[in-house]
Structures are given as structure tokens and as C-alpha cells.
Amino acid sequence: MQIFQKPYQQLFEHNKFMCNFIKDKMQSHKERWEEGNEPQDLLDFYLEFISKNKNDSDSIFSEENMVQIVVDLLIGGAETSTTTLYWGLLYLLKYPDVQEKIHHEIDAILEPSQMITYEDRNRLPYTNAVLHEIVRYSNVTITGPLRKCLKDIVIMGSPIGKGTLLLPNAHSVLYDPEHWKTPWKFNPEHFLDFEGKFVNNEAYLPFSTGKLMDQ
């Protein structure tokens with residue numbers, strides 16, 4: 001890849017900038033962490049793991065891996081989170097009735113000065129449904145990450161050999177009419193039962209399958 005000309009070389013320059021930025025942050029965290037303070041964030045906890053496993057030759061915890069993990073988080077989360085927020089604001093502007101319902105639910109359940117936490121999602125079913133519908137309907141990732149087939153399989157009559165690289169199509173499930181009442185409309189009711197309680201949908205796979213699918 002190093003022999004390619006611009007704009008490919010700019011990718012390496014940007015990556016180097018990000019890595020150096022994270023290394024600077026890591027150094028400041030190391031200085032603070034060595035003072036005996038309690039871990040406050042990902043870098044602090046990772047540095048603690050590096051210290052605890054420094055005598056383990058098979059340990060995967062290293063400063064190099066930590067830098068790459070933070071780079072992956074920034075690349076994988078920054079743009080998608082920003083774009084999803086953009087779409088969310090646009091949907092609330094287009095559907096003022098949805099915005100009004102969210103406002104009413106928050107006012108009714110939470111105190112005026114109370115900070116909303118992740119745990120409050122269970123107390124705010126409509127708001128939680130709207131957030132899920134924003135992610136479903138905007139579909140900012142379009143496809144999931146590449147996966148390698150571990151054995152020969154057949155999917156819908158098509159044989160797929162072991163070692164084949166697969167690119168999951170999120171579009172096929174997020175707009176599947178068999179799983180969504182109005183797949184091509186912004187509709188928070190997709191995530192609510194007849195009592196107004198939040199319910200998930202097995203076709204809600206905006207980030208493919210795995211630990212993130214239930215978040």
C-alpha cells in the first residue's frame with residue numbers, strides 16, 4: 001500500500017495523526033495513573049491490565065494494541081454516531097407529534113432537573129422505541145463487518161464454501177416487510193406492544209449480531 005499515490009497516502013497520514021494523538025493521551029494517562037489514582041476511563045483500565053499482565057508472555061494487553069483499539073472505536077463510532085444524531089434530529093423535526101410524546105413521557109417519569117441515564121431506558125418505553133426506530137430507519141451502516149464462513153453451509157439453497165468472506169446486508173432485515181408493519185415509514189410503534197411497553201424485534205440488527213445487538 002505504501003507505493004500508492006494520493007489520496008491513498010493521505011490515509012496513512014491521517015492514521016499516523018490519530019495514533020500519535022492517542023499515544024499523547026496515553027502518556028498523560030500513564031503519568032496520572034502511576035500517581036495511584038483510581039482508573040477513570042478506558043485508557044486507565046487498559047493500562048492497569050497491561051501492568052497486571054506484564055509478566056505473562058502470552059498476554060494480549062500491550063500499548064500497541066491499546067492504541068489500535070482506541071483508533072477502531074473512533075473510526076467505528078464517531079461518524080456513525082454523528083450521522084445517526086443528524087437523522088434523529090431531522091425525524092423529530094418532521095414528526096412533531098413524536099417529539100411531543102417524548103417530551104411528555106420524560107416530564108411525566110423524570111424529575112425536571114434529573115439527568116437521564118442508560119438505565120432509564122426501561123422507564124421510558126416510548127423514548128426508547130423512538131431511539132431504536134431512528135437507528136433502524138436511518139440504517140447508517142448499511143452492511144455489517146466482513147465475516148468468514150467457518151464451514152460449508154447452504155443458505156436459502158445457495159452453497160457457501162468454508163473460508164468464504166461474507167458481507168451481511170443490514171438493509172435486508174431492517175426493511176423486511178415480514179418483520180416490520182411499515183418498513184418504509186418512520187414508526188416507533190414497531191418497538192411497542194399493545195400496552196405501550198417496549199419490545200425488541202429479532203430483525204433489529206443494525207450492527208449485525210453479537211453483543212451489541214441488544215443495546
Side-chain angles (χ1 to χ4, degrees), residues 41-42 69 72-151 153-158 160 166-215:
D41 54 25
L42 172 64
I69 286 174
D72 290 343
L73 288 173
L74 290 174
I75 293 176
E79 193 278 332
T80 52
S81 297
T82 303
T83 303
T84 302
L85 287 172
Y86 283 156
W87 279 114
L89 291 172
L90 286 172
Y91 294 148
L92 293 181
L93 288 173
K94 184 175 181 180
Y95 303 101
D97 58 319
V98 172
Q99 182 180 163
E100 184 177 351
K101 289 181 181 179
I102 292 176
H103 196 175
H104 176 74
E105 182 179 66
I106 292 176
D107 283 347
I109 302 300
L110 303 180
E111 297 293 332
S113 60
Q114 181 178 339
M115 180 178 296
I116 299 178
T117 66
Y118 181 67
E119 289 72 21
D120 288 328
R121 72 192 189 283
N122 297 322
R123 303 169 58 197
L124 304 167
Y126 186 79
T127 303
N128 196 18
V130 171
L131 293 174
H132 277 69
E133 182 66 357
I134 289 171
V135 174
R136 182 199 73 85
Y137 195 56
S138 61
N139 187 22
V140 298
T141 57
I142 302 178
T143 63
L146 279 172
R147 294 288 186 259
K148 180 183 288 187
C149 197
L150 299 180
K151 61 181 180 181
I153 60 173
V154 177
I155 297 180
M156 300 179 69
S158 300
I160 300 177
L166 305 175
L167 188 64
N169 181 6
H171 180 98
S172 67
V173 291
L174 296 180
Y175 303 106
D176 188 344
E178 294 185 6
H179 290 85
W180 309 99
K181 185 178 180 180
T182 55
W184 295 105
K185 292 183 179 180
F186 181 78
N187 182 8
E189 303 296 327
H190 286 144
F191 295 94
L192 296 171
D193 63 13
F194 66 95
E195 295 181 343
K197 296 180 180 179
F198 178 84
V199 290
N200 211 334
N201 188 312
E202 63 178 0
Y204 180 70
L205 301 172
F207 306 107
S208 189
T209 59
K211 292 183 178 181
L212 288 177
M213 62 183 295
D214 295 324
Q215 300 301 316

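Note that CG of D120 is 3.5 Å distant from OG1 of T117, once rounded to the nearest 0.5 Å. Of the inter-residue distances, the one linking N200 atom CG with H132 atom NE2 reads 5.0 Å to the nearest 0.5 angstrom. In this structure, CD on E105 lies 10.5 Å from CZ on R123, to the nearest 0.5 angstrom. Y137 OH to K185 NZ: the interatomic distance, rounded to the nearest 0.5 Å, is 9.5 Å. The distance from the CD1 atom of I160 to the CD1 atom of I155 is 4.0 Å, given to the nearest 0.5 Å. Distance check: I109 CD1 to T127 OG1 gives 9.0 Å after rounding to the nearest 0.5 Å.
Among all heavy-atom pairs drawn from A170 and N139, the shortest one is CB-OD1, 3.8 Å. Scanning all heavy atoms of the two residues, the minimum distance from P125 to G196 falls at CB-O, 3.6 Å. Nearest heavy atoms, P188 versus A129: O-CB, 3.5 Å.
Contact check for W87 versus T84: no side-chain heavy atoms found under the 4.5 Å cut-off. Contact of the S138 side chain with the Y86 side chain is not registered, since no non-hydrogen atoms from C-beta on lie closer than 4.5 Å. The closest side-chain heavy-atom distance from V98 to Y126 is below 4.5 Å.
With V140 as the partner, the side-chain contact (heavy atoms from CB on, under 4.5 Å) test is satisfied by one option alone out of T83, V135, I134: T83.
Ring pair F191/Y204 is perpendicular by interplanar angle, where above 60° counts as perpendicular and below 30° as parallel.
Under the 3.5 Å distance criterion, the side-chain polar atoms of R147 are left unmatched by any main-chain donor or acceptor of L166. Between the side chain of D107 and the backbone N or O of H104 there is no donor-acceptor pair closer than 3.5 Å.
In L93, the CG atom is crowded: over 12 heavy atoms of neighbouring residues, nucleotides or ligands sit closer than 6.0 Å.
Screening residues 167-182 for side chain to side chain donor-acceptor pair (under 3.5 Å) gives D176-H179, H179-E202, T182-N187, T182-H190 as the qualifying pairs, with residues at least two apart or on separate chains.
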